Amino acid sequence: MTPDVHARDLRYFAAVAEELHFTRAAERLYVSQPALSKQIRSLERQLATELFRRDRHRVSLTAAGEALLPHARRVLAALAEGVAAVEAAKAAQRSTLVVGMSTSPGRGGLLPAVRSRFTAEHPGVTVRLRQMSWDDPTAGLAAGATDIAFVWLPLPDEERYAWTVVAEEPRLLALPVTHPLAARAEIGFAELLDEPFLALPASAGVLRDHWLAVDARAGRPPRIGAEIAGAEETYEALVAGLGVCLVAVGNAPLISLGGVTTRPVRGIGPSRYALAWRREDGGRPLVRAYAEACRETVSR
């Protein structure tokens, strides 16, 4: 029958084997010397062999004790690693996940649905939402201000990131209701090449180019009527007649208020909205779990 040796037995044995002194080992373990001696005798009975030679002057390991010591150390080290892993998992469950966004995800209650699914599996995690300015197309990922973020593609330095696409939506033209083109049911992009456009800040890089539809301009540079870094600024600039802009269908309600309307546009591709994270964080349990909750929500 295999002896029922406990971790405490091995811990006590290893301390005595390393100190070769029962009193010093007892002090190291914060137990009394008689209690330690009793535990070692109990272990020896279980193993049916002496582990230590004891006399009035010294303590030494027997051959059996020498054989056991490296195995005891490995078991104790593995146990310590296991306990550390459990503590890390518990800490992860209690920690905070910062979710960035440049515009509200909206889209049929996507954000609360993802949050509900995620927190059902991770009730101890605090999810903090952080609204970022449009001058940061990564919604805080690049600077490390957010752990995961709802963003528009393309991203600058996109090799740094991984993502799952949440929505692919047509780009509409937003313009003042007084604009001559507002009377049209649909507009070809070629008709807009001379129009002043509202643009994201230059720091938005490739995302600025996307919302200016640079790839559909056949090399003609866009006319910039004003720069905008948020939905309110966009609305005010449109009402003021500073320019027109492209907007995703899901974001149209943010600016289609009094004095502003939207129209379908021919000749340009759709927009893609995604949940993104830094590739280096792809293995983090909370990042992975939030991304999975998002994928499950979108696929329903």
Side-chain angles (χ1 to χ4, degrees), residues 97-122 127 129-174 189 200 204-216 230-231 234 245-255 262 264-300:
L97 187 74
V98 182
V99 180
M101 63 189 70
S102 53
T103 53
S104 173
R107 290 156 181 82
L110 172 66
L111 188 59
V114 174
R115 182 169 187 157
S116 177
R117 185 180 291 270
F118 174 78
T119 55
E121 295 294 328
H122 302 274
V127 177
L129 304 179
R130 182 166 293 177
Q131 188 83 32
M132 308 300 290
S133 171
W134 291 358
D135 59 4
D136 178 7
T138 72
L141 291 177
T146 56
D147 301 306
I148 197 165
F150 290 96
V151 299
W152 291 100
L153 301 179
L155 287 170
D157 301 321
E158 65 176 22
E159 67 280 356
R160 291 186 59 194
Y161 308 102
W163 57 80
T164 184
V165 174
V166 171
E168 186 170 290
E169 302 172 348
R171 284 179 285 179
L172 303 177
L173 181 72
F189 189 74
L200 296 179
V206 291
L207 190 59
R208 170 183 165 116
D209 291 345
H210 172 74
W211 291 111
L212 291 172
V214 169
D215 61 341
T234 304
C245 68
L246 296 176
V247 59
V249 167
N251 281 354
L254 298 176
I255 56 175
T262 58
V265 182
R266 298 187 310 275
I268 58 173
S271 59
R272 291 189 299 156
Y273 197 51
L275 179 70
W277 55 93
R278 292 175 293 271
R279 288 188 182 276
E280 65 201 56
D281 292 338
R284 288 179 54 194
L286 294 185
V287 169
R288 190 169 61 246
Y290 194 89
E292 183 59 28
C294 185
R295 279 190 290 267
E296 290 175 356
T297 301
V298 171
S299 65
R300 288 185 64 187

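These numbers were taken from a predicted model, which means no experiment stands behind them. Residue numbers count from 1 along this sequence.
With sequence neighbours excluded, the residues that form a side chain to side chain contact (heavy atoms under 4.5 Å, CB included) with Glu168 are Pro270, Arg272. Evaluation of the side chain to side chain contact (heavy atoms under 4.5 Å, CB included) rule for Ser116 yields no partner, not counting sequence neighbours. With sequence neighbours excluded, the residues that form a ring pair (Phe, Tyr, Trp, His ring centres under 6.0 Å) with Trp211 are Trp152. Annotation: side chain to side chain donor-acceptor pair (under 3.5 Å) contacts of Asp209 (sequence neighbours excluded): none.
For Ala293 against Val114, the heavy-atom pair with the smallest separation is CB-O, 4.0 Å. Here the closest non-hydrogen pair linking Thr234 and Cys245 is CG2-SG, 3.8 Å. The shortest non-hydrogen separation linking Val151 to Ala139 is CG1-CB, 3.9 Å. Here the closest non-hydrogen pair linking Ala149 and Thr138 is CB-O, 3.8 Å. A pairwise comparison of heavy atoms in Thr297 and Arg117 identifies OG1-NE, 3.3 Å as the closest pair. Annotation for Val247 and Ala252: closest pair CG2-N, 3.9 Å, computed over non-hydrogen atoms.
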Candidate pair Leu129 and Met101, rule side chain to side chain contact (heavy atoms under 4.5 Å, CB included), full reasoning: CA-CA 8 Å; Leu129 304 179; Met101 63 189 70; 3.9 Å; yes
Intermediate values then yes/no, side chain to side chain contact (heavy atoms under 4.5 Å, CB included), Leu246 and Leu173: CA-CA 5 Å; Leu246 296 176; Leu173 181 72; 4.2 Å; yes
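Considering CG of Leu200 and OG of Ser102, their distance stands at 8.5 Å, rounded to 0.5 Å. Here the OG1-CG distance, from Thr262 to Asn251, works out to 11.5 Å after rounding to the nearest 0.5 Å.
Panel note: side chain Arg115, backbone Val127; a donor-acceptor pair is recorded below 3.5 Å. Between the Arg171 side chain and the Gly269 main chain, a donor and an acceptor come within less than 3.5 Å of each other. Judged by distance alone, the side chain of Arg295 and the main-chain N or O of Thr164 form no donor-acceptor pair under 3.5 Å.
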Pairs under 3.5 angstrom only: tabulate donor-acceptor contacts from the side chains of residues 275-290 to other protein residues two or more places apart or in another chain.
unit_1	atom_1	unit_2	atom_2	d
Arg278	NE	Asp281	OD2	2.9
Arg278	NH1	Leu141	O	2.7
Arg278	NH1	Thr146	O	2.9
Arg278	NH2	Thr146	O	3.1
Arg278	NH2	Asp281	OD2	2.9
Arg279	NE	Glu159	O	2.9
Arg279	NE	Tyr161	O	3.0
Arg279	NH2	Tyr161	O	3.1
Arg284	NH1	Asp147	OD1	3.2
Arg288	NH1	Gly283	O	2.8

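Sorted by first then second residue, the salt bridge (charged side-chain N to carboxylate O under 4.0 Å, His left out) pairs that include residues 136-145, not counting sequence neighbours, number zero.
At a threshold of 4.5 Å between non-hydrogen side-chain atoms, the residues Pro264 and Pro170 do not count as touching.
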